[in-house]
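Below is one structure, written out as structure tokens, with a few remarks after it.
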Amino acid sequence: MKTRTAVVRQAPGKYEVVAVDLADPEPGEIQVRMVAAGLCHSDDHIATGDLPVAVYPFAGGHEGAGVVVGVGPNTRGFAEGDHVVFSFLPGCGRCRWCASGMQNLCDLGATLLLGSRFHDPSSFRMHLDGVPVGQMAGLATFSEYTTVDVNSAVRIPRDVPLDKACLLGCGVGTGWGSAVNSAGVQVGDTVIVMGVGGVGINAVQGAAHAGAAHVLAVDPVGFKRELAEQLGATHSFSGIEEAAEVARQLTNGQGADSAVVAVGVTTGEHVGQAFTAIRKAGTVVVTGIGSSTEMAPPISLMDLTLSQKRLQGSLFGACSPSKDIPRQLELYQAGRLKLDELITRTYTLDEVAQGYEDMHAGKLVRGVIVLD
Ligand SMILES: NC(=O)c1ccc[n+]([C@@H]2O[C@H](COP(=O)([O-])OP(=O)(O)OC[C@H]3O[C@@H](n4cnc5c(N)ncnc54)[C@H](O)[C@@H]3O)[C@@H](O)[C@H]2O)c1
Ligand SMILES: [Zn+2]
Ligand SMILES: [Zn+2]
């Protein structure tokens with residue numbers, strides 16, 4: 001079938017909507033009518049080139065939800081009409097990582113920035129005038145329709161609004177898990193969250209859920225700090241130095257138990273700042289992504305060793321999507337995890353590039369593309 005999808009033809013570049021040929025679902029695949037797709041910063045990294053991809057054109061979007069309209073032959077577990085949230089990281093359920101409760105690190109993730117079928121790097125589901133189009137994370141959620149591997153989909157109850165549930169496909173789990181899983185926030189902790197956009201705002205929610213006594217949100221944008229305070233932050237600051245100072249005051253001079261770095265374009269300097277703000281044996285969680293060529297944060301190796309500090313990367317908040325997406329949905333339905341409040345405004349598919357301009361201008365906690 002033909003579908004419209006937002007692609008970048010080069011990096012740096014901008015998203016433009018084009019009509020592509022979309023493959024019918026093969027065994028192990030489903031075709032989905034997209035209902036909503038979140039504008040995560042990672043798709044912007046693809047447009048700027050910070051996150052290099054292997055194929056152009058490349059169809060963007062990895063946070064999304066929709067309705068199943070086609071199921072490949074011999075594909076069990078899904079039926080037409082099912083509502084699904086995509087997980088930007090697939091889970092096969094069988095590899096070493098899936099078997100170890102680290103589904104976010106599933107080996108199927110290897111081709112996500114190539115955009116091919118997971119099992120065959122030369123096989124693509126989208127083509128533009130006969131040329132293969134990569135699907136971001138194997139998904140391409142900035143599309144009217146898409147065809148994906150079932151390992152990327154999580155079925156959800158039909159009464160959950162898809163235009164909110166789409167956020168569970170990346171930003172929510174990434175932020176929430178950065179605090180709950182990767183920082184291992186404990187009751188009574190003091191936690192700094194650096195950057196409260198679509199990801200960091202959920203680290204604030206996660207830290208509060210885990211029982212942090214003090215959640216210090218840092219962001220240069222005022223309305224995001226206000227939202228953070230509504231969703232669990234006890235303090236907010238425009239810069240990390242002030243937050244670090246207050247963290248020390250709150251902890252008898254020791255420093256924050258953990259700091260989550262979720263800045264849009266994360267640099268080594270941001271990581272270094274967070275590193276000086278944590279206490280002995282504290283944890284810095286690096287969730288944000290920056291240039292793929294940046295090698296090392298400016299941290300004191302002496303401080304690393306003698307203060308026994310921990311520098312912890314975090315992919316999808318170390319969540320296991322098949323377990324955690326339904327759990328987070330239950331928290332949402334119970335009113336404990338906020339999703340509606342995270343969406344600053346919605347856009348049409350043709351407005352993807354506008355959405356990213358608004359992100360750069362600091363206007364969005366999360367923008368969401370809503371399809372008709
Ligand atoms: N590790 C993962 O699995 C994963 C998943 C999704 C997104 N990401 C990455 O996480 C980062 C955040 O994504 P997002 O969608 O929330 O982006 P976003 O643009 O919505 O939010 C980033 C926030 O950082 C703030 N900021 C900028 N400079 C700052 C500074 N010096 N101190 C504090 N805050 C600052 C911005 O004002 C903005 O609110 C991006 O780099 C994205 O690519 C990582
Ligand atoms: Zn994302
Ligand atoms: Zn796996």
Side-chain angles (χ1 to χ4, degrees), residues 37-46 48 50-51 60-64 86-110 112 118 136-137 139 141 151 166-167 169-175 177-178 182 192-203 216-225 227-228 236-243 259-267 269-271 273-274 285-291 312-322 342 344 355-356 358-367:
L39 295 172
C40 177
H41 206 120
S42 299
D43 296 296
D44 189 59
H45 288 316
I46 286 174
T48 62
D50 277 345
L51 205 53
H62 62 282
E63 197 176 80
F86 293 143
S87 166
F88 86 95
L89 294 167
C92 75
R94 282 194 296 273
C95 72
R96 171 187 172 177
W97 311 106
C98 285
S100 310
M102 291 186 268
Q103 200 184 25
N104 61 318
L105 300 179
C106 175
D107 285 336
L108 291 183
L112 294 193
F118 299 144
M136 169 58 166
L139 300 173
T141 60
N151 290 308
C166 68
L167 302 180
C170 177
V172 171
T174 299
S178 293
S182 303
I192 294 175
V193 179
M194 198 176 171
V196 288
V199 169
I201 194 77
N202 293 295
L216 287 63
V218 182
D219 203 291
V221 181
F223 91 92
K224 301 190 191 191
R225 296 197 297 271
L227 183 66
S236 71
F237 308 91
S238 57
I240 179 86
E241 284 82 8
E242 274 175 280
V260 174
V261 182
V263 175
V265 183
T266 294
T267 63
E269 197 189 347
H270 297 136
V271 177
Q273 289 168 332
V285 176
V286 184
T287 302
I289 293 170
S291 165
Q312 174 69 58
S314 186
L315 182 65
F316 205 176
C319 288
S320 285
S322 329
L342 311 185
T344 315
Y356 280 110
D358 289 350
M359 171 185 277
H360 285 289
K363 294 181 183 168
L364 302 176
V365 173
R366 201 46 130 211

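Numbering starts at 1 and runs along the sequence shown. Start at 1 and go down the list; that is how both ligands and their atoms are numbered.
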Enumerate the atoms of ligand 1 whose separation from the nearest heavy atom of [X] is less than 4.0 angstrom.
X	answer
C170	5 (C), 6 (C)
V218	33 (C), 34 (N)
H41	13 (O), 14 (P), 15 (O), 17 (O), 18 (P), 19 (O), 40 (C), 42 (C), 43 (O)
H270	31 (N)
F88	3 (O)
T287	1 (N), 2 (C), 4 (C), 8 (N), 9 (C), 10 (O), 44 (C)
V221	37 (O)
F316	2 (C), 3 (O)

Under 4.0 Å, counting heavy atoms only: does R366 come that close to any atom of ligand 1? yes
In this structure, does ligand 1 have an atom that sits under 4.0 Å from one of the heavy atoms of G362? no
Separation between [atom1] of [X] and [atom2] of [Y], rounded to the nearest 0.5 Å:
X	Y	atom1	atom2	value
L108	R94	CG	CZ	8.5 Å
D44	D50	CG	CG	8.5 Å
K224	S238	NZ	OG	14.0 Å
R366	H41	CZ	NE2	10.0 Å
F86	E63	CZ	CD	12.5 Å
T141	L39	OG1	CG	8.5 Å

Would you check the N or O atoms of [X], main chain and side chain alike, for any that come under 3.5 Å of an N or O of ligand 1?
X	result
M194	no
T266	no
G198	yes
V199	yes
I289	yes
H62	no

Could you check R96 against M102 for side chain to side chain contact (heavy atoms under 4.5 Å, CB included), going step by step and ending with a plain yes or no? CA-CA 8 Å; R96 171 187 172 177; M102 291 186 268; over 6 Å; no
Of all the non-hydrogen atoms in the protein, which one sits nearest to [atom], and at what distance?
atom	result
atom 21 (O) of ligand 1	G197 CA, 3.3 Å
atom 4 (C) of ligand 1	T174 CG2, 3.6 Å
atom 22 (C) of ligand 1	G264 N, 3.2 Å
atom 12 (C) of ligand 1	A262 O, 3.5 Å
atom 10 (O) of ligand 1	G288 CA, 3.5 Å
atom 37 (O) of ligand 1	D219 OD1, 2.7 Å

Donor-acceptor pair, distance only, cut-off 3.5 Å: does the side chain of D43 make one with the backbone of G60? no
For SG in C92 and SG in C98, the angle at the Zn ion (ligand 3) (nearest 10°) is 110°
Taking it one step at a time, do F223 and V365 satisfy side chain to side chain contact (heavy atoms under 4.5 Å, CB included)? CA-CA 9 Å; F223 91 92; V365 173; 3.8 Å; yes
Does the side chain of [Y] come within less than 4.5 Å of [X]'s, by heavy atoms?
X	Y	answer
T174	N202	no
S178	V261	no
I192	F237	no

Within the 3.5 Å criterion, strictly below it, is a donor on S42 or H45 matched to an acceptor on the partner's side chain? no
For the Zn ion (ligand 2), report each protein N, O or S atom nearer than 2.8 Å, sorted by chain and then by residue number. C40 SG, H62 NE2, C170 SG
CA sep, side-chain torsions, deciding dist, call: W97, N104, side chain to side chain contact (heavy atoms under 4.5 Å, CB included): CA-CA 8 Å; W97 311 106; N104 61 318; over 6 Å; no
Taking the six-membered ring for Trp, are F88 and H62 parallel (under 30°), tilted (30 to 60°) or perpendicular (over 60°)? perpendicular
Any chance you could lay out the side chain to side chain contact (heavy atoms under 4.5 Å, CB included) test for V265 and T48, step after step, and finish with the verdict? CA-CA 11 Å; V265 183; T48 62; over 6 Å; no
Does a sphere of radius 6.0 Å around CD in E242 hold more than 12 heavy atoms from other residues, nucleotides or ligands, not counting ones at 6.0 Å or beyond? yes
Judged by heavy atoms only, the candidate from V285, V263, T344 nearest atom 11 (C) of ligand 1 is V263
Judged by heavy atoms only, the candidate from P220, G367, S238, G177 nearest atom 26 (N) of ligand 1 is P220
Heavy-atom distances under 4.0 Å are what count here, so tell me which part of S42 touches ligand 1: side chain, backbone, both or neither. both
